[in-house]
Amino acid sequence: MVKYGLDYTRCRWILPLLLGIGVIFGIIALAGRGWLESQTLPYVHQASLWESCRRPEQGGDWSCESLMGYAWGRAAAATYLVGFLLLVICFALAIIAFAIDTLRFNFIRGIGGLLFVAAVFSIMGLVIYPVKFSSEIEMTGINMFSWAYGFGWTTAIMEICLGFFFCCLPNYEDQILGNVKPTYFYSSP
């Protein structure tokens, strides 16, 4: 933003917008049924963060079992949900921080720190789920961790990257606010 002369007033909403996209990806991951799916025919297994569903044969009825009956299922859901809630809080704080005319850069650095905490919780949930799922739940055929699980990892990566941006932005406070005189590389002889 600073190096190429982008104006602060035009670009001030980029970071909150990216946080909003992260929130949308988190909602997709929480609500999606594609955390684990069968890769080949017959499609007999499908799981979300909350439940695991099977069907005995192609065209049969799905029978679902809640993962909240397992301690690891509750742990994975709780840690990912805490990370998501912290992301929503960071989104609300970023809207407040960038809506104020006088930008408080220490406040922005705090949002970055909170994003790192959110990323830790999200990654814990994203690691607990596949490790315990594959060891505790019997799977038949070839299965893959699918699109909703990918949205969960995308949310965690966005939390880390945006945490760096929010933490590093105060280092360029004077350039962003226009308090630095331009440097000219031409000097007269």
Q. Are side-chain heavy atoms of L67 and L49 found at a separation under 4.5 Å?
A. no
Q) Which pairs pass salt bridge (charged side-chain N to carboxylate O under 4.0 Å, His left out) with one or both residues in residues 27-39, sequence neighbours excluded? A) R33-E51
Q) Which residue pairs pass the disulfide (SG to SG under 2.5 Å) test with at least one member in residues 62-96, sequence neighbours excluded? A) C53-C64
Q) How about W13 and I95: do any of their side-chain heavy atoms sit closer than 4.5 Å? A) yes
Q. Does the side chain of L19 reach to within under 4.5 Å of the side chain of F166, using non-hydrogen atoms?
A. yes
Q | Whether F133 and H45 hold their rings parallel, tilted or perpendicular, with breakpoints at 30° and 60° | A | tilted
Q: Rounded to the nearest 0.5 Å, what's the gap from CD1 on I89 to CG on L115? Could you check?
A: 11.0 Å
Q | Interatomic distance, C167 atom SG to I108 atom CD1 [nearest 0.5 angstrom] | A | 10.5 Å
(Q) Show the nearest heavy-atom pair for residues A29 and G152, with the distance to one decimal. (A) CB-N, 3.5 Å
Q: Rounded to the nearest 0.5 Å, what's the gap from CZ on F151 to CG on L30? Could you check?
A: 12.5 Å
Q.
Just verifying a value: how many Å separate I14 CD1 and L17 CG, rounded to the nearest 0.5 Å?
A. 8.0 Å
Q: Following the transitive rule for hydrophobic clusters with a side-chain heavy-atom cut-off under 4.5 Å over Ile, Leu, Val, Met, Phe, Trp and Tyr, establish whether W147 and M144 coincide in one cluster.
A: no
Q: Look at the aromatic rings of Y149 and F145 and report parallel, tilted or perpendicular, splitting at 30° and 60°.
A: tilted
Q. How many angstroms lie between atom CD1 of I28 and atom OG1 of T155, to the nearest 0.5 angstrom?
A. 8.0 Å
Q.
Quick check: is I157 connected to V117 through a chain of hydrophobic side chains (ILVMFWY, heavy atoms under 4.5 Å apart)?
A. no
Q. Quick one: does E136's side chain get under 4.5 Å of W72's, heavy atoms only?
A. yes
Listed pairs under 3.5 Å, donor-acceptor, residues 122-130 side chains, sequence neighbours left out:
| from | atom 1 | to | atom 2 | distance (Å) |
| --- | --- | --- | --- | --- |
| S122 | OG | A118 | O | 3.1 |
| S122 | OG | E159 | OE1 | 3.2 |
| Y129 | OH | S48 | O | 2.8 |

Q: Mind listing the closest non-hydrogen atom pair of G163 and F116 along with its distance?
A: C-CZ, 3.6 Å
Q) To the nearest 0.5 Å, how far apart are CD1 in I24 and CZ in F91? A) 8.0 Å
Q. Is the closest side-chain heavy-atom distance between F84 and V23 below 4.5 Å?
A. yes
